[in-house]
Trainee: 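Could you have a look at this structure, given as structure tokens, before my questions?
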2 protein chains.
Amino acid sequence: MKKFLMQHGYRMTTVSDGTEMRKALRDWKIDLLILDIMLPGEDGFALCRDVRRTSKIPIIMLTAVGEDTDRILGLELGADDYLTKPFNPRELLARIRAIFRRAETGTSEIVENSSEKVRFGNWVLNLGSRELRDDDDVVVHLSTGEFSLLRALVKHNKRPLSRDQLVDIVRGQSSIPFDRSIDIQISRLRRKIEKDAKNPKLIKTVRGIGYQFCADVATV
Amino acid sequence: MKKFLMQHGYRMTTVSDGTEMRKALRDWKIDLLILDIMLPGEDGFALCRDVRRTSKIPIIMLTAVGEDTDRILGLELGADDYLTKPFNPRELLARIRAIFRRAETGTSEIVENSSEKVRFGNWVLNLGSRELRDDDDVVVHLSTGEFSLLRALVKHNKRPLSRDQLVDIVRGQSSIPFDRSIDIQISRLRRKIEKDAKNPKLIKTVRGIGYQFCADVATV
DNA sequence: GGTTTTTGTAACAATTTGAAGCATTCTGCG
DNA sequence: CGCAGAATGCTTCAAATTGTTACAAAAACC
């Protein structure tokens, strides 16, 4: 499902329980939640109600139980829609689109422009416009993959990330064994942002683990 | 059904075909439409699409055909929700409430009356008159498709949109595989609005995903 | 009916990306 | 220290993706 939706243009993060969900909601800008009812720990209803207490984020609930009461309970707890398993992926897609189309109409969201920027070393990375500038305002072109990788590293600043994690963030897939593509992207990125690519100060290798972004990062 | 919903506090008007529906929409302030698919004359899909052309009024579709394709078609034509007959009245009630909760801000508004203008880069785009002007008030002509595409991108500012989504917004269809028409339109649009079409600042490519409008957008 | 504009298809160019493979660095060990 | 083995760095190259041009079909306009 994650892969299917990513193929249709959505960025996805998958989590396995309520704790992870809350973390994801904190760490990422989440636009919509797809929530199963049967979960380890708190069930989907509890999570739905809990999320609704603080947020209006759209929620689609999945249920294997085709019972009316479940459906109604979900909707009354504030879910925006629900689907009964098994369902056609394209129907989920259609419902997601319907929700976003609906969301569009209500809010005049064009105004909000939190063009977030982060600063590190001699660089300023504009997360909105995907532009990397040095102190003299010279733009360094980053390819999609390079930007995506850099954003992931910066976001998880001072924390080593495994190749697996990076592939997952950047491409949304779990990596295959002996996947070296991240190494190559790191290499290309270093060539662009490190003063001395041989002595990286920003992106350091953590042998046996992966890579780690080492500079101080300040949001501007 | 009418009686049931009226008992729960809603005012209801029932009509028996498309002609009566249009009359009712003219004569009353309708907040929500419940639409069967099997109808004499034009079917529910046709009516749904027709209503959507001029109004954002929420639509719930009823279908006896439990087929996925029907559900999907309904949602893609702009319906907000659907129910398969036979259904539990309380579920219909729950879905109606869900829709109103979502809408919250208000009820059906006519789509095409906002002569709003938006500003980005050196441009001012008048969404009402469909005119694009630069800072010197020089009008740059946009074709229908170009305007539509630009509006979609601006509306979803700072968010990558897949080709699928763009085709869906611009042409209202889901795209066929290997559809490159969006790429061409993007190319034409860039030629018109980017200073350097080779180094786009406004419309950026997100490889593997689609395109993203990157400039800050302000409503004027 | 004829003309102009718009739009999509086909074809080719440019860019981005990852696999293969070798070079280099690191680690543990004798 | 030197060495083998493993992990990482990086070059080369082909595949995939995207950009763009030319042209024809379709639509709009007279």
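Because only heavy atoms are used, hydrogens play no part in the values below, and waters and symmetry mates are left out as well, while side chains stay in. Residue numbering restarts at 1 for every chain, and letters A, B, ... go by the order of the sequence lines.
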Trainee: Measure from CD on B/Glu146 to C1' on C/dT7 and round the result to the nearest Å.
Mentor: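 Computing the B/Glu146:CD to C/dT7:C1' distance gives 10 Å.
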Trainee: Within the 3.5 Å criterion, strictly below it, is a donor on B/Asp164 or B/Ser162 matched to an acceptor on the partner's side chain?
Mentor: no
Trainee: Does the side chain of A/Arg159 come under 3.5 Å of the side chain of A/Gln212 through a donor N or O and an acceptor N or O?
Mentor: no
Trainee: Please identify each residue that fulfils salt bridge (charged side-chain N to carboxylate O under 4.0 Å, His left out) with B/Asp50, with sequence neighbours left out.
Mentor: B/Arg22, B/Arg53
Trainee: For A/Ile182 versus A/Val167, what's the shortest heavy-atom pair and its separation?
Mentor: CG1-CG2, 3.4 Å
Trainee: Please state how far atom CG in B/Leu149 lies from atom P in C/dT6, giving the value in whole angstrom units.
Mentor: 15 Å
Trainee: Among all residues two or more places apart in sequence or in another chain, which pass the salt bridge (charged side-chain N to carboxylate O under 4.0 Å, His left out) test with B/Lys195?
Mentor: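 B/Lys195 satisfies salt bridge (charged side-chain N to carboxylate O under 4.0 Å, His left out) with no other residue.
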Trainee: State whether B/His141 places a side-chain N or O below 4.0 Å from either non-bridging phosphate oxygen (OP1 or OP2) of C/dT6.
Mentor: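 Answer is yes, contact under 4.0 Å.
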Trainee: Would you tabulate the nitrogen or oxygen pairs shorter than 3.5 Å linking the protein to nucleotides 20-23 of chain C?
Mentor:
none

Trainee: Is A/Arg52 salt-bridged to A/Asp80, going by a charged N under 4.0 Å from an acidic O?
Mentor: yes
Trainee: Without decimals, in angstroms, what is the distance between B/Ile209 CD1 and C/dT17 P?
Mentor: 12 Å
Trainee: Closest nucleotide of DNA chain C for A/Ser181 versus for B/Gly145: which of these residues is on the 5' side?
Mentor: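 Per heavy-atom nearest nucleotide, the more 5' residue is B/Gly145.
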Trainee: Under 4.0 Å, counting only non-hydrogen atoms across every strand here, what does A/Tyr211 touch: a base, just sugar-phosphate, or nothing?
Mentor: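 Sugar-phosphate contact only - A/Tyr211 comes under 4.0 Å of backbone atoms but never of a base.
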Trainee: When you compare the protein's N or O atoms with those of nucleotides 25-28 of chain C, which come within less than 3.5 Å of each other, and at what distance?
Mentor:
{"unit_1": "C/dC26", "atom_1": "O4'", "unit_2": "A/Arg207", "atom_2": "NH1", "d": "3.4"}
{"unit_1": "C/dC26", "atom_1": "O2", "unit_2": "A/Arg207", "atom_2": "NH2", "d": "3.3"}

Trainee: Going by salt bridge (charged side-chain N to carboxylate O under 4.0 Å, His left out), name the residues that satisfy it together with B/Lys192, two or more places apart in sequence or in a different chain.
Mentor: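 If we apply the salt bridge (charged side-chain N to carboxylate O under 4.0 Å, His left out) test to B/Lys192, skipping adjacent residues, the hits are B/Glu146.
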Trainee: Got a sec, which residues hit side chain to side chain contact (heavy atoms under 4.5 Å, CB included) with B/Ala46, two or more places apart in sequence or on another chain?
Mentor: B/Glu42, B/Asp43
Trainee: Nearest whole Å is fine: how far is C/dT16 P from B/Lys198 NZ?
Mentor: 12 Å
Trainee: Check salt bridge (charged side-chain N to carboxylate O under 4.0 Å, His left out) between B/Arg133 and all other residues, then give those that pass, not counting sequence neighbours.
Mentor: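 Result, salt bridge (charged side-chain N to carboxylate O under 4.0 Å, His left out) vs B/Arg133: B/Glu131, B/Asp137.
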Trainee: Output all residues satisfying side chain to side chain contact (heavy atoms under 4.5 Å, CB included) with A/Ile184, sequence neighbours left out; order by chain, then residue number.
Mentor: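 Expected list: A/Arg188.
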Trainee: Using a strict 4.0 Å threshold on nitrogen-to-oxygen distance, state whether B/Arg163 and B/Asp183 make a salt bridge.
Mentor: yes
Trainee: Quick one: pull up CG in B/Asp81 and CD1 in B/Ile96 and give me the separation to the nearest 0.5 Å.
Mentor: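 Taking CG in B/Asp81 and CD1 in B/Ile96, the distance rounds to 10.0 Å.
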Trainee: I'd like to check the ring-ring contact (aromatic ring centres under 6.0 Å, His included) partners of A/Phe213; sequence neighbours left out, ordered by chain and number.
Mentor: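 If we apply the ring-ring contact (aromatic ring centres under 6.0 Å, His included) test to A/Phe213, skipping adjacent residues, the hits are A/Phe120.
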Trainee: Going 5' to 3' along DNA chain D, between which two nucleotides do contacts with chain B fall, using a heavy-atom cut-off of 4.0 Å?
Mentor: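 That gives a stretch of D/dA16 to D/dT21.
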Trainee: Using heavy atoms and a sub-4.0 Å distance, could you list which residues of residues 185-193 of chain A are near DNA chain D? By number, please.
Mentor: A/Ser187, A/Arg190, A/Arg191
Trainee: Please determine whether a side-chain nitrogen of the Lys or Arg among A/Arg190 and A/Asp196 lies less than 4.0 Å from a carboxylate oxygen of the Asp or Glu.
Mentor: no
Trainee: How many whole angstroms separate atom CG of B/Asp183 from atom C1' of C/dT15?
Mentor: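 Value for this atom pair: 14 Å.
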Trainee: Rounded to the nearest 0.5 Å, what's the gap from CD1 on B/Ile59 to CZ on B/Arg49? Could you check?
Mentor: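 One finds 11.5 Å between CD1 of B/Ile59 and CZ of B/Arg49.
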Trainee: Would you say the side chain of B/Leu127 lies within less than 4.5 Å of the side chain of B/Val118, judging by non-hydrogen atoms?
Mentor: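 In contact.
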Trainee: When the distance from CG of A/Asp179 to P of C/dG18 is rounded to whole Å, what number comes out?
Mentor: 8 Å
Trainee: In degrees, rounded to 10°, what is the bend between the two ends of the helix from C/dG1-D/dC30 to C/dG30-D/dC1, using five pairs at each?
Mentor: 30°
